[in-house]
Amino acid sequence: MDLVYKRNDCMNLVDFIRSRNETIGFVPTMGALHDGHLSLLNYSLQQTDYTIISIFVNRTQFNDPSDFKNYPREIDADVLKLKEVGCHGVFIPEHHEIYNGTGRKSYDLGNLDKTMEGKQRPGHFQGVAMVVDRLFDIVKPDKAYFGEKDFQQLQIIKYIVKNLNHQVDIIQCPIIREHDGLAMSSRNQLLSQKQRENAPIIYKCLQHVKEYANKGSLSEIKKVVVDEINQTTELQVEYFEIVDEETMQDTKKWEKGKNMRACIAVKAGNIRLIDNVRIS
Ligand code: AMP
């Protein structure tokens with residue numbers, strides 16, 4: 001497995017792969033790898049010749065300094081996992097390798113950042129856009145893999161890729177869950193035992209919403225979900241919205257023919273958990 005830390009070394013590696021006429025698959029991550037990340041990697045291994053994963057805890061997308069400080073970092077364990085699954089290349093840059101004073105400072109996000117994560121975490125998606133743009137400039141992948149777990153992020157990345165004319169196919173990958181339904185996340189390991197025991201209620205509620213799709217009033221269903229989660233010890237809903245996948249705007253009534261997705265953020269103490277399901 002090739003391990004590179006410097007932007008120039010990564011660009012040289014990419015040039016070398018290209019000189020062999022191989023296609024490149026890319027999986028950007030913040031590390032503390034779990035089976036959700038590895039599923040993205042497996043799609044890339046199947047669909048491209050050479051898979052590169054990046055591990056970079058991107059300071060610019062954290063609006064909360066304590067969240068950045070506490071974010072799990074496990075580089076040695078990550079590298080071992082990546083070797084085991086047959087990843088080809090790993091790019092682990094320092095902050096200055098990505099943010100070296102050049103490049104765009106602000107991005108048109110097509111108003112997709114005005115709701116949910118964007119509203120709760122000011123500046124978050126500008127930070128995401130900046131790092132993804134810069135990583136794409138360095139890695140120049142044919143395909144890049146992103147999880148539906150961060151659904152709003154996925155839609156924003158599709159938008160900027162089109163807008164900035166990056167020649168990359170964005171591959172949307174399904175959410176991988178724990179056996180009890182909790183969406184896998186690097187942050188899950190920060191949960192207390194009690195919080196971890198209670199967290200699967202989030203996915204259970206999302207499944208109920210799916211059963212009720214196109215029936216009953218949306219506002220009633222939303223209230224039932226929010227009340228049920230808020231009554232659970234140590235869980236507090238930050239937002240729960242049923243959005244049109246195209247616009248990321250909250251919908252007030254069921255709309256036939258539109259792809260709608262129920263998206264939720266829940267605080268368990270200081271830990272934010274997000275999840276979503278397609279409901280129609
Ligand atoms: P992160 O390291 O949290 O920035 O995530 C890196 C990539 O892995 C993003 O595209 C995420 O959407 C994706 N991802 C994170 N958790 C999961 C999961 N449980 N299932 C599928 N993809 C995931």
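For clarity, every value in this text was computed on a predicted model and none was experimentally measured. One-based numbering, in listed order, for ligands and for the atoms of each.
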K.L.:
Taking Glu241 first and then Lys222, would you say they form a salt bridge - that is, a charged N and a carboxylate O separated by under 4.0 Å?
P.N.:
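Result for this pair is no, no salt bridge flagged.
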K.L.:
Look at atom 20 (N) of ligand 1 and say which protein heavy atom is nearest, naming residue and atom and giving the distance to 0.1 Å.
P.N.:
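Answer for atom 20 (N) of ligand 1: Ile176 N, 2.9 Å.
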K.L.:
Need the ligand 1 atom indices (1-based, order shown) with element for anything under 4.0 Å from a heavy-atom of Pro174.
P.N.:
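Taking each heavy atom of Pro174 in turn, ligand 1 has 20 (N), 21 (C) under 4.0 Å.
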K.L.:
Before signing off on this row, confirm whether Ile175 and ligand 1 have an N or O atom pair separated by under 3.5 Å.
P.N.:
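No.
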K.L.:
Look up atom CD in Gln152 and atom SG in Cys263, then write down how far apart they are to the nearest 0.5 Å.
P.N.:
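Gln152 CD to Cys263 SG: 7.5 Å, rounded to 0.5 Å.
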K.L.:
How far is atom 15 (C) of ligand 1 from its nearest protein heavy atom, and which residue and atom name does that atom have?
P.N.:
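Of the protein heavy atoms, His34 CE1, 3.9 Å lies nearest.
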K.L.:
Is there a path of hydrophobic side-chain contacts, each under 4.5 Å between heavy atoms of I/L/V/M/F/W/Y residues, joining Ile98 to Met11?
P.N.:
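Yes, because Met11 and Ile98 connect within a single hydrophobic cluster, where side-chain heavy atoms sit under 4.5 Å apart.
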K.L.:
For a quick check under 3.5 Å, do Tyr50 and Thr23 share a side-chain donor-acceptor pair by atom type?
P.N.:
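No donor-acceptor contact under 3.5 Å links the two side chains.
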K.L.:
With rounding to the nearest 0.5 angstrom, report the OH to CE distance, Tyr107 to Met130.
P.N.:
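Here the rounded value is 6.5 Å.
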K.L.:
Run Gln153 and Glu117 through side-chain hydrogen bond (donor to acceptor under 3.5 Å, both in side chains) and show every step you take.
P.N.:
CA-CA 9 Å; Gln153 165 176 287; Glu117 291 301 287; over 6 Å; no
K.L.:
Check Glu220 against Ser217 and note the closest heavy-atom contact, atom names and distance.
P.N.:
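Glu220 and Ser217 have their closest heavy atoms at N-OG, 3.0 Å.
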K.L.:
Is there a polar contact between ligand 1 and Ser186, counting only N or O atoms under 3.5 Å apart?
P.N.:
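In this structure, Ser186 places no N or O atom under 3.5 Å from an N or O of ligand 1.
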K.L.:
Which heavy-atom pair separates His37 from Leu33 by the least distance, and what is that distance?
P.N.:
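Shortest heavy-atom separation between His37 and Leu33 comes out as ND1-CA, 3.3 Å.
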K.L.:
Which residue and non-hydrogen atom of the protein lie closest to atom 4 (O) of ligand 1, and at what distance in Å?
P.N.:
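Looking only at protein heavy atoms, the one closest to atom 4 (O) of ligand 1 is Met30 CG, 3.6 Å.
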K.L.:
Heavy atoms only: which of Leu40, Leu33, Thr29 lies closest to atom 13 (C) of ligand 1?
P.N.:
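Nearest option to atom 13 (C) of ligand 1, by heavy atoms: Leu40.
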K.L.:
Centroid-to-centroid, Tyr145 to Phe26, below 6.0 Å?
P.N.:
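When the ring centroids of Tyr145 and Phe26 are compared, they turn out to be at least 6.0 Å apart.
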K.L.:
State, without any angle test, whether Glu234 and Gln195 hold a side-chain donor-acceptor pair at a distance under 3.5 Å.
P.N.:
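The answer is yes; a qualifying pair exists.
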K.L.:
Run the numbers for me: atoms of ligand 1, each under 4.0 Å from some heavy atom of Met184, listed by number.
P.N.:
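Selected atoms, number and element: 16 (N), 17 (C), 18 (C), 19 (N).
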K.L.:
How close does the nearest protein non-hydrogen atom get to atom 1 (P) of ligand 1, and which residue and atom is it?
P.N.:
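For this ligand atom, the closest protein heavy atom is His37 NE2, 3.6 Å.
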K.L.:
Using a 4.0 Å heavy-atom cut-off, say whether Phe151 meets ligand 1 through its side chain, its backbone, both or neither.
P.N.:
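Neither part.
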K.L.:
Specify the protein heavy atom at minimum distance from atom 10 (O) of ligand 1: its residue, its atom name, and the distance to 0.1 Å.
P.N.:
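The closest heavy atom on the protein side is Gly147 N, 2.9 Å.
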K.L.:
Backbone or side chain, does any N or O of Asp150 fall under 3.5 Å from an N or O of ligand 1?
P.N.:
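N/O-N/O distance below 3.5 Å exists for this pair.
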K.L.:
Does any N or O of ligand 1 fall below 3.5 Å from an N or O anywhere on Pro28, backbone included?
P.N.:
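Looking only at distances, the answer is no, because the N/O contact criterion of under 3.5 Å is not met.
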K.L.:
Would you mind listing which atoms of ligand 1 come within a distance below 4.0 Å of any non-hydrogen atom of Phe146?
P.N.:
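So the answer, numbered in order with elements, is 10 (O).
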K.L.:
Give the single entry among Arg177, Lys149, Gln61, Gln172 that approaches atom 17 (C) of ligand 1 most closely by any heavy atom.
P.N.:
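Shortest heavy-atom distance from atom 17 (C) of ligand 1: Lys149.
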K.L.:
Give the residue, atom name and distance (to 0.1 Å) of the protein heavy atom nearest atom 3 (O) of ligand 1.
P.N.:
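Checking every protein heavy atom, the shortest distance to atom 3 (O) of ligand 1 gives Tyr71 OH, 3.8 Å.
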